Number of protein chains: 2
Amino acid sequence: MISKTCGYAIRGVIFLALENNINKRIGIQEIAEELKVPQQFMGKILQELVRKDILKSTKGPHGGFYVNDSILDLSLIRIVEAIDGLGVLKKCFLGREECSSENPCPMHDEFEVCRSSIFETFQSKNIRYFVEHIEDGTTFLAT
Amino acid sequence: MISKTCGYAIRGVIFLALENNINKRIGIQEIAEELKVPQQFMGKILQELVRKDILKSTKGPHGGFYVNDSILDLSLIRIVEAIDGLGVLKKCFLGREECSSENPCPMHDEFEVCRSSIFETFQSKNIRYFVEHIEDGTTFLAT
DNA sequence: AGAATAAAAGACCCTTATATCTTTATATTT
DNA sequence: AAATATAAAGATATAAGGGTCTTTTATTCT
């Protein structure tokens with residue numbers, strides 16, 4: 001559905017939002033260790049999110065990645081859009097070039113339900129929602 | 001979700017089931033043209049399905065791939081199993097190594113609904129179901 | 001038997017996703 | 001100012017998925 005890269009990106013952003021204290025920067029090493037993901041690869045992904053204005057970063061000692069409180073209002077769909085593009089949520093389940101309700105593949109209707117429920121989640125849930133569930137202890141970021 | 005390869009496989013099997021007359025064999029060229037998929041690649045996929053005893057084939061003039069009526073009772077999950085393996089339906093949405101209802105990622109519950117609905121479709125619907133919808137003209141195999 | 005036909009099989013190639021390594025730029029500390 | 005820590009940037013490596021090409025094998029027709 002979404003790429004592994006995009007999953008890492010989402011987990012990274014939620015992690016930064018969780019740790020968000022005023023002006024606190026978190027190094028890529030700590031992020032990668034906490035989330036149990038490859039450090040350099042995570043670095044590239046977070047850099048991309050900086051370029052897309054979803055995160056901020058500073059170099060030098062005590063540098064690192066950080067977010068400000070407005071991140072809590074960001075809807076997940078913005079991260080998916082930045083990493084995979086929205087097209088990832090529209091591809092035909094059976095690999096046809098074109099697939100739509102007017103010209104559906106055999107799985108189209110069944111899958112459309114899922115597709116739109118995932119899309120609705122990405123659209124309507126913001127980072128705050130996910131942060132709260134992590135703080136609750138009802139969901140987990142690291143394996 | 002499932003691989004493109006697996007989507008081609010499903011479309012190929014449904015196509016053969018549609019065209020199934022006694023002892024009729026269909027060449028890979030015709031199959032690929034009808035479904036608008038790469039011929040050689042489709043050949044490899046159908047060969048794999050022959051090895052997995054889902055299809056049959058014969059070489060030589062008037063050879064080709066074919067199925068018998070029992071194909072209509074095959075559930076789609078058997079094709080997914082043969083090509084991608086059932087693991088493809090169990091992967092964590094956010095790319096964690098382990099993800100379960102006891103140790104859920106932030107998207108786990110939302111995605112579980114989709115996952116199980118897709119699984120249920122694959123499990124419960126047989127080829128006959130899809131063949132009927134194609135014959136109806138309500139769904140389409142080729143783009 | 002020989003020619004023609006069609007799938008099987010395997011080697012190979014291209015693209016994308018995933019991941020790592022190296023160098024550079026920048027900020028902080030001393 | 002110099003040393004140091006740290007991320008940015010970009011080149012490179014690896015693996016998997018997707019796709020093509022060539023040779024072999026089996027079948028049928030003449």
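If you're wondering where the values come from, they're calculated on a predicted model, not measured in any experiment. Letters A, B, ... are given to chains in the order of the sequence lines, protein chains preceding strands, and every chain is numbered from 1.
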Minimum-distance nucleotide (side-chain atoms of B/Pro61 versus D/dG18, D/dT28, C/dA27): D/dT28

d([atom1], [X]; [atom2], [N]) in whole Å:
X: B/Met42; N: C/dA6; atom1: CE; atom2: P; answer: 18 Å
X: A/Phe41; N: C/dC21; atom1: CZ; atom2: C1'; answer: 15 Å
X: B/Ile83; N: D/dG18; atom1: CD1; atom2: P; answer: 11 Å
X: A/Ile26; N: D/dA5; atom1: CD1; atom2: C1'; answer: 17 Å
X: B/Leu49; N: C/dA7; atom1: CG; atom2: C1'; answer: 14 Å
X: A/Gln39; N: C/dT22; atom1: CD; atom2: P; answer: 14 Å
X: A/Glu48; N: C/dA17; atom1: CD; atom2: P; answer: 13 Å
X: B/Ile28; N: D/dT20; atom1: CD1; atom2: P; answer: 12 Å

With the criterion being N/O to N/O and under 3.5 Å, what pairs connect the protein with nucleotides 8-17 of chain D, and how long is each?
residue: D/dA8; atom: OP1; partner: A/Ser57; partner atom: OG; Å: 2.3
residue: D/dA9; atom: OP2; partner: A/Arg51; partner atom: NH1; Å: 3.1
residue: D/dG10; atom: N7; partner: A/Lys44; partner atom: NZ; Å: 3.0
residue: D/dA11; atom: N6; partner: A/Lys44; partner atom: NZ; Å: 3.2

Could you pull out all residues at least two apart from A/Lys44 that satisfy salt bridge (Lys or Arg N to Asp or Glu O under 4.0 Å)? none

Any B/His62 side-chain N or O less than 4.0 Å from OP1/OP2 of C/dA7: no

Compare side-chain N and O positions of A/Tyr8 against OP1 and OP2 of C/dA19 and report whether any pair is under 4.0 Å apart. yes

Per the ring pair (Phe, Tyr, Trp, His ring centres under 6.0 Å) rule, what does the pair list look like for residues 39-77 of chain A, sequence neighbours excluded? A/Tyr8-A/Phe41

Pairs under 3.5 angstrom only: tabulate donor-acceptor contacts from the side chains of residues 75-93 of chain B to other protein residues two or more places apart or in another chain.
residue: B/Ser75; atom: OG; partner: B/Ile77; partner atom: N; Å: 3.3
residue: B/Ser75; atom: OG; partner: B/Phe122; partner atom: O; Å: 3.1
residue: B/Ser75; atom: OG; partner: B/Gln123; partner atom: O; Å: 3.4
residue: B/Arg78; atom: NE; partner: B/Glu81; partner atom: OE1; Å: 2.9
residue: B/Arg78; atom: NH2; partner: B/Glu81; partner atom: OE1; Å: 3.0
residue: B/Asp84; atom: OD1; partner: B/Ser3; partner atom: OG; Å: 2.7
residue: B/Asp84; atom: OD2; partner: B/Ser3; partner atom: N; Å: 2.8
residue: B/Asp84; atom: OD2; partner: B/Ser3; partner atom: OG; Å: 3.2

Return yes when atom NZ of A/Lys125 has more than 12 non-hydrogen atoms of other residues, nucleotides or ligands closer than 6.0 Å, and no otherwise. yes

Once salt bridge (charged side-chain N to carboxylate O under 4.0 Å, His left out) is applied, what residue pairs with a partner in residues 130-143 of chain B remain, sequence neighbours excluded? none

Heavy-atom donor-acceptor pair, A/Thr143 side chain to B/Arg96 backbone, under 3.5 Å: no

Can I get a per-line list of side-chain donor-acceptor pairs under 3.5 Å for residues 29-40 of chain A, giving both atom names and the distance, sequence neighbours left out?
none

